[in-house]
Amino acid sequence: FEASLVSNGHFFRDKLVDISEGGAQLELSRPLSLARDIMVRAVVGGESIVALGDVVWSRAVDKTRRVGIKFLFLPKAKKARIRDFLSAQA
């Protein structure tokens with residue numbers, strides 16, 4: 001799945017690796033250090049999910065970077081959409 005994020009005025013459009021009600025893992029083509037108050041957008045099950053979060057970890061994986069994002073704010077309806085999507089994938 002495609003995902004995008006904005007951090008300190010920098011825009012990233014890369015790959016969503018994993019998502020849950022609490023956060024997401026993204027694969028980026030360029031480095032991103034730990035950051036606070038970033039905006040994340042992903043399309044999950046055909047619906048746009050936008051969340052405010054913090055990058056809580058970042059590490060190199062092969063030739064890419066992976067980052068872990070902890071959601072700070074995600075509306076209840078969007079949490080339910082993620083939960084429904086994950087249940088359908090199981």
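In this text the structure is predicted, and so the values were computed from the model without any measurement. Values below: every heavy atom of this structure, side chains too, minus hydrogens, waters and symmetry copies.
One distance of note links CG of L72 with CZ of R36; it measures 7.0 Å at 0.5 Å rounding. Note that CD1 of I82 and CD of E47 are 9.0 Å apart. Values are rounded to the nearest 0.5 Å. The OG1 atom of T64 sits 9.0 Å away from the CG atom of D14 when rounded to the nearest 0.5 Å.
Listed here is the closest heavy atom pair of K78 and S48: NZ-O, 3.0 Å. Contact detail for R65 and S58: the closest heavy-atom pair is NH2-OG, 3.0 Å. Taking each heavy atom of A51 and F71 in turn, the nearest pair found is CB-CD2, 3.6 Å. Of all the heavy atoms in A42 and L16, the pair that sits closest is CB-CD2, 4.0 Å.
Tracing side-chain contacts under 4.5 Å through hydrophobic residues (I, L, V, M, F, W, Y), one never reaches V17 starting from V55; they form parts of separate clusters. The hydrophobic cluster containing F73 also contains V50, counting ILVMFWY residues as joined when their side-chain heavy atoms lie under 4.5 angstrom apart, directly or transitively. Residues L86 and I49 share a single hydrophobic cluster, defined by chaining ILVMFWY side chains whose heavy atoms lie under 4.5 Å apart.
Of the residues V67, V40, L28, L26, the one that meets the side chain to side chain contact (heavy atoms under 4.5 Å, CB included) test with F12 is L28. Partner E21 forms a side chain to side chain donor-acceptor pair (under 3.5 Å) with one of R83, R81, K79 and no other, that one being R83.
Surrounding NZ of K15 are at most 12 heavy atoms belonging to other residues, nucleotides or ligands under 6.0 Å away.
The shortest distance between side-chain heavy atoms of S7 and L32 falls below 4.5 Å. Looking only at side-chain heavy atoms (C-beta outward), E2 and V43 stay at 4.5 Å or farther from each other. Side-chain contact between I69 and L5 is present, with at least one heavy-atom pair separated by less than 4.5 Å. I38 is not listed as a side-chain neighbour of D54, based on a closest heavy-atom distance of 4.5 Å or more. With a 4.5 Å cut-off on side-chain heavy atoms, Q25 and W57 count as touching.
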